[in-house]
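Each remark here refers to the structure printed beneath this line.
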Amino acid sequence: MAESYDVQEVEARWQAFWRDHGTYDVDNDDPRPHYYVLCMYPYPSGAAHMGHVRNYTFGDLIVRHRTMTGHAVLSPMGFDSFGLPAENAAIKTGRHPREFTDERIDELTSSIMRIGAVYDWRRRVTSHDPAYIRWNQWIFTRFLAAGLAYRKEAPVNWCPGCQTVLANEQVLADGTCERSGDVVTKRDLEQWFFNTTRYAQELLDAIDDLEWPERVKVMQRNWIGRSEGAEFTMAVVDESGTPHADGHSLTVFTTRPDTSFGMTYAVLAPEHPLALAITTEERRDEVEAFIDQARNTSEIDRMSSEGSLDKRGVFTGAYCLNPFTGRPVPLYLADYVLLGYGTGAIMAVPAEDQRDWDFAAVHGLSIVRTIQPPDGWEGEAFTGDGPHINSEWLDGLDKPAAIAKAIAWLEAEGIGHGTVNYRLRDWLVSRQRFWGCPIPVVYCDTCGVVPVPDDQLPVLAPDDVEFLPTGESPLRQHAGFLHTTCPTCAGPATRETDTMDTFVDSSWYFLRFCDPTNAELPFAPEAAAAWMPVDQYIGGVEHAILHLLYARFYTKALADLGVAPAELREPFSRLFTQGMIRLGGDKMSKSKGNLVAPEEILDTDGADALRLAHLFVGPPQDDVDWEGVGIEGCARFLQRVWRLGTGQVGTVVDRTETDADIAVVRAVHRLIAKVSDDFDRWSYNTAVAACMELVNELYRYAQSDDGARTETIAFAVDTLTLLLAPMAPHLTAELWFRRHDGAHVHEQAWPVADPAMVAQDTVTMVVQVNGKVRDRLEVPADIDAAGAEALALGSAKVQANLDGRSPRKVISRPPNLVNIVA
RNA sequence: GCCCGGGUGGCGUAACCGGUAGCCGCAGGGGGCUUAAACCCCCCGGACCGCAAGGUCGUGUGGGUUCGAGUCCCACCCCGGGCACCA
C-alpha cells in the first residue's frame, strides 16, 4: 500500500498517453464553446529554457482548465523557424540551415512534451515549411496588388556584423544592433516596404478596447506616436528676401504653429533632397562636408550630442521667408532634424523649444519669446501655456486658441493646413538573407516589377548555395535562381533575391493554425471565424511593440483584402506578458552563461514540481529570480498529495457526519471558490498556496484521534485532485486513474462551489479600542451592528482597556470589526 | 529628462472594496520516528521588553485625510523596465 510515487515513470507514461490519444486535438466544428489559447511560437533554438517552461506552463494550465469548464480549446504549437542563428551557423559550419533547424525543432518539441504541455500537434506550423512559404508569398502578392507593399530607395540601417539591413525597430536607442550589438550605419538600397502607416490611426484607436497589460498599450501608443500640428510652405530666399533663382520652397511640420512669429531660423535634415540645391556657392564646401559626415556617422554618434549644447549643424547661406512676419530667416542643416519624420524640415523657435534653444545658443541665433513665461521663470525654452506676445494677431491668446487661429490663417492664405503626423514608419521588410521567405517578384526589362503568379508559388530557395559572409544573400550568386523568365512576357528577367523579415512569418501564423492544411487558401475565412480572435495570447514582454503591432497590422490588412473575415479587426483579445527569469539579479541568458537547464529538474523532481514551482514563486507578470524558486517545497507538497490520495495518511473511519467533517467539507468548497477565482485573475501563486493550506488541514484531520470520515476524505481528495489537474497534470491523472477505475481527471467537469457551504456561520470579530486590537470574539456571521457593539462592550479585555472611560463613539462593522473610540 | 511598474520578516511572497499585517513556501529552531542518518510526522519562528499574563514598536522616508492607512492624497528617496533630438 505504501507505494511511493515514481515521478519519471508516471510522467513519461501520461505524456505518451496524451500524445498517442490526441487528447487535446480539437476540430473546427466542435459544438462546445470555442476558446483559443496561444503561446507565442518559439524560435527553435534547441532544448527549452526556463522562459519557455514558464510560458508553456501558463498556457497549458489554461488549456486544461478551460477544457474542464466545458470549452473546445484550440491550443496549437509551431516554430518561428526562419532567422539569423541558423544562417550564421550555416556560414560557420557549411551545413544547410534546414538541417540545423529541423534538428532544433525536434529537440525543442521533445522538451516541450516533457513539461507535460499538450497541443493539437496536427496543426503544427513552421515558417520554413514550403506550404507556409507559399501562402506567405501569396499574401505578399495580394499586398502588392493592393498597394500595401511597395519598393523605394531609402537610406537604411545597415548592421556590419549581421551584414544586413535592419528595421528601425531593430536598432537600439544607442544606435547599435539589437541582435549583434554592432554599431549601425546608413546605406542606400532599393527596399520593399509594407504600408503600415496606412493603418496608423486605426492601430492607435483600437488599442483602447484591448484587454492587454496597460504598459504594453502605452508602449504601442508611444510607438505609433500621433501628433497633431500643421504643415506650411516657405519660399527659399536670399538675405534680402529675394526669391531663389530656381524658385525653391520648403515645407515644414510643426506642432506649434502658434509660435511661428518666434521662428528665427529653419532647419533641413542633412539628407533632405533640397539641401544642396539651396546651398550658396560660398557655403558649398562646408555643407557638403557636413552632409558627408552626417551620412557616415552612425546613429550612436549622432545621438551623442544628446543633453549637451553641442548641436551639430551648418549654415547653408540660404534663407526662407517666415510667412507670419514676412522676414527672411537663415536656413540651416542640422542632424537633430530627421528626414524620416514629418517633412524632414522644421521651423525653429528657440524660445519655445529647448532643442532649438540649444542650437541657437551654439550658433548665435536670435531668440524671440512668443509666450509670456510665468513670473520668476528662470528656465530657457518655455513650453507651457500662457498669453502670446510679439505675435501681432495672436497676442493675448492662449495656446489652443492661438494654434487654431494660426492654422486657420495658413489655410486661408493657401500656404498650409492642419495635419497629423505619426512616429510610426512603414515597415521595411527586405532582408539580404538566405534563410527567410523569398520575396516573390521578378524584375523584367519590359514589364518592370512582376509578382510571381499564384500557380508558380512557392518560390523556394535552391539548396545548392554557398554560405559566405558577404553583404548579400547567397541567392544573388546563384545563377539558376537569379535568372528566370518574366511570367508576363516570357522575356528574360531576374528574381528578387531578398527575403522577408521574419516578423512577416509571425504576423499571421495564428490564422494558419485555424486551417493549417488548406491547399487553396492561406486559411478559409470560416475557419478563422471559428476561432479568432485569440482569446488568450501569452508571451514575453519583449514582443510588446514589434511583433504585436505587425500582427495587428496584418490582421487588419487581411480583413480588408477579404482574406480574413471582414469583422476581424484585432488578432488578440487578451494578452498576458509573463516576467523574465533572472539569476542572482542578472537576466538569465545563453550569452551570460547563467542558464539553469530545465532538463536537470525534469530528471529529478519532474515536470509537475517544476510547473508548480513556476506557478508558486510569485505573480506571473513579475520577473523571477531563479534563486527564489522553491522547487523542493513543491516536490514535497506533491508527495504529500500522493500519500493522501493513496490512503497513506491517518485513519479513515465510517461514521455519521461530525462537526469536524462538516468543517472539512466547508474548507473544500471555499477552496473551489478560491482556486476558480484565482485562475480567472491570473493569481496562480495564491491558488497553489490555498491548495497547500487544505492539504495541511487534511493531514491534521486524518491524523486526529477521531480520524477522517470515509466520504469526507474521499470528497476532499477528489476535489483537490480536480483543482490541481491543470497545474500538476501527471500526478493528478495518475491519482484519478487509480481512484476511479481508469477514468481521466482531465475529462472531468471543473468543480463548482456550493455558495451555502462557502459562507461561514461564525467569524472572528476584532474589537479595537482607539484603533488597537484588544480582543477577538467568535460571533455569528449574520450579527447586526447593535449586537456586535453590545458584545464588544461586554468584553472584559475591552473594559480593562477602557479603564473607566466611557466610549465617545463606536464604529460597528459587523461581523468583522468594532472600533471603540474613547 | 519623460512615461510605466515596484519597495512588507533572513528570503520568495500574501493581505482582491480603507477594517485582525505577515497566508503559503524556503532557510532556521524544537520535538517525535530510527541502532543512526536521510526521508517522513508534529510544533515554533517580525523586532524589542517581560518568568508569564501582557505591553511597545513595525509595511522605503516625511507629512496629510480618516474612528481606522501596507492600501487613499501630497512631497521625497531607492530599485526595475520602456521611450529618448519625432519638431
Side-chain angles (χ1 to χ4, degrees), chain A residues 4 173-174 213-219 221-223 225-227 229 252-256 259 267 269 302-303 305-307 311 334-338 340-349 352-356 358-359 421-425 541-542 544-545 579-580 582 585 612-613 616-619 621-625 627-634 636-637 639-640 643 648-650 677-678 681 683 685-693 695-696 699-700 703 763-773 775-776 797 800 807-813 816-822:
Chain A
S4 67
D174 65 358
E214 200 51 43
R215 62 178 179 143
V216 174
K217 291 165 68 161
V218 169
M219 281 190 241
R221 287 194 194 99
N222 291 343
W223 193 261
R226 179 190 158 99
S227 64
V252 295
F253 171 74
T254 178
T255 56
R256 297 295 305 276
T259 63
V267 189
R302 223 169 131 161
M303 305 235 171
S305 61
E306 185 250 332
K311 289 277 176 184
D335 64 6
Y336 77 96
V337 174
L338 310 174
Y341 185 78
T343 60
I346 61 159
M347 69 169 195
V349 185
E352 277 89 33
D353 185 296
Q354 189 61 40
R355 295 159 302 187
D356 295 344
D358 294 340
F359 189 86
N421 252 300
Y422 299 90
R423 207 186 78 113
L424 181 72
R425 311 294 158 83
V541 74
E542 65 274 16
I545 300 174
M580 265 193 329
R582 303 170 177 280
L612 208 62
F616 183 56
V617 67
Q621 66 276 11
D622 287 2
D623 285 356
V624 170
D625 197 318
E627 285 171 4
V629 174
I631 193 87
E632 310 86 350
C634 292
R636 202 172 293 159
F637 166 71
Q639 293 292 344
R640 279 165 72 81
R643 284 192 294 272
Q648 301 180 48
V649 179
D677 181 51
D678 284 352
R681 60 195 184 95
S683 185
N685 51 333
T686 55
V688 176
C691 290
M692 290 173 167
E693 217 174 333
V695 168
N696 292 343
Y699 265 65
R700 282 190 295 268
Q703 294 177 354
V763 295
T764 305
M765 184 176 81
V766 166
V767 185
Q768 298 179 328
V769 175
N770 290 331
K772 292 192 178 180
V773 179
D775 203 3
R776 286 158 223 257
K797 287 178 181 170
R808 286 191 294 133
K809 190 175 178 183
V810 179
I811 288 97
S812 186
R813 291 281 177 276
N816 296 314
L817 176 133
V818 172
N819 187 12
I820 297 161
V821 186

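Source: prediction; values computed, not measured. Atom set for the values below is all heavy atoms of this structure, side chains included, hydrogens, waters and symmetry mates excluded. Numbered from 1 within each chain, the chains take letters A, B, ... in sequence-line order.
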Inset, instruction - Determine the interatomic distance between C1' on B/C3 and the same-named atom on B/G19; round to the nearest Å. - result: 34 Å
Inset, instruction - Answer yes or no: does a side-chain N or O of A/Asn696 lie under 4.0 Å from OP1 or OP2 of B/G25? - result: yes
Inset, instruction - Pick base, sugar-phosphate or nothing for A/Gly633, based on heavy-atom distances below 4.0 Å to the nucleic acid. - result: sugar-phosphate
Legend entry - 5'-most by nearest nucleotide on RNA chain B - A/Thr686 or A/Thr255: A/Thr686
Legend entry - P-based separation of B/A14 from B/C67 [nearest Å]: 31 Å
Legend entry - A/Arg423 side-chain N/O to B/A84 phosphate OP1/OP2 under 4.0 Å: yes
Legend entry - Test item: A/Val767 and A/Lys797 side chains (from C-beta on) under 4.5 Å apart, heavy atoms: no
Legend entry - Integer-rounded Å distance: B/A21 C1' and A/Gln768 CD: 12 Å
Legend entry - Nearest-Å distance once atom P is located in both B/U66 and B/G60: 23 Å
Inset, instruction - Please state whether the rings of A/Tyr336 and A/Phe359 are parallel, tilted or perpendicular, taking 30° and 60° as the class boundaries. - result: tilted
Inset, instruction - Give a yes/no on whether any side-chain N or O of A/Arg813 is located under 4.0 angstrom from OP1 or OP2 of B/G68. - result: no
Inset, instruction - Select base, sugar-phosphate, or nothing to describe what A/Arg215 touches, counting heavy atoms under 4.0 Å on all strands. - result: sugar-phosphate
Inset, instruction - Would you indicate, yes or no, if B/C26 has its OP1 or OP2 atom less than 4.0 angstrom from a side-chain nitrogen or oxygen of A/Arg636? - result: yes
Inset, instruction - Using the P atom on both, measure B/G64 against B/A69 and round to a whole Å. - result: 12 Å
Inset, instruction - Could you check whether A/Tyr699 gets within reach of a base, just the sugar-phosphate, or nothing at all, counting any heavy atom under 4.0 Å? - result: sugar-phosphate
Inset, instruction - Indicate syn or anti for B/C26, taking the glycosidic torsion and treating anything within 90° of 0 as syn. - result: anti
Inset, instruction - For A/Arg813 and A/Asn819, test the side chains for any donor-to-acceptor distance below 3.5 angstrom and give the result as yes or no. - result: no
Inset, instruction - Write down the distance between CG (A/Leu817) and P (B/G19), rounded to a whole number of angstrom. - result: 10 Å
Inset, instruction - May I ask you to say what A/Gln703 touches in the nucleic acid, namely base, sugar-phosphate or nothing, with a heavy-atom cut-off under 4.0 Å? - result: sugar-phosphate
Inset, instruction - Hey, could you give me the CG/CZ distance between A/Asn696 and A/Phe637, rounded to the nearest 0.5 Å? - result: 8.5 Å
Legend entry - Base paired to B/G5 (Watson-Crick or G-U; both N/O distances under 3.5 angstrom): B/C79
Inset, instruction - Using a heavy-atom cut-off of under 4.0 Å over every strand shown, decide if A/Ser683 touches base, sugar-phosphate, or nothing. - result: nothing
Legend entry - Complementary nucleotide of B/C72, counting Watson-Crick and G-U pairs under 3.5 Å: B/G64
Inset, instruction - Considering only atom P, compute the distance from B/U71 to B/U61 and round it to an integer number of Å. - result: 11 Å
Inset, instruction - Determine if the base of B/G70 is syn or anti; take syn to mean the glycosidic torsion is within 90° of 0. - result: anti
Inset, instruction - Under 4.0 Å between any heavy atoms, over every strand shown, what does A/Lys772 touch: base, sugar-phosphate, or nothing? Just pick one. - result: sugar-phosphate
Inset, instruction - Mind checking A/Arg640 for me? I need base, sugar-phosphate or nothing, with any heavy atom below 4.0 Å counting as a touch. - result: sugar-phosphate
Inset, instruction - Answer yes or no: are there more than 12 heavy-atom neighbours, outside A/Arg681 itself, under 6.0 Å from its atom CZ? - result: yes
Legend entry - Distance, rounded to the nearest Å, where A/Glu214 contributes CD and B/G81 contributes P: 21 Å
Inset, instruction - Just call it for A/Arg681: base, sugar-phosphate, or nothing, with non-hydrogen atoms closer than 4.0 Å on any strand. - result: base
Inset, instruction - Could you measure between the two C1' atoms, the one in B/C51 and the one in B/C40, and give it in whole Å? - result: 35 Å
Inset, instruction - Have a look at B/G9 and give me syn or anti from its glycosidic angle (syn if within 90° of zero). - result: syn
Legend entry - Separation between the C1' atoms of B/G63 and B/A53, rounded to whole Å: 38 Å
Inset, instruction - Give A/Asn222 one of three labels, base, sugar-phosphate or nothing, depending on what nucleic acid heavy atoms sit under 4.0 Å from its own. - result: nothing
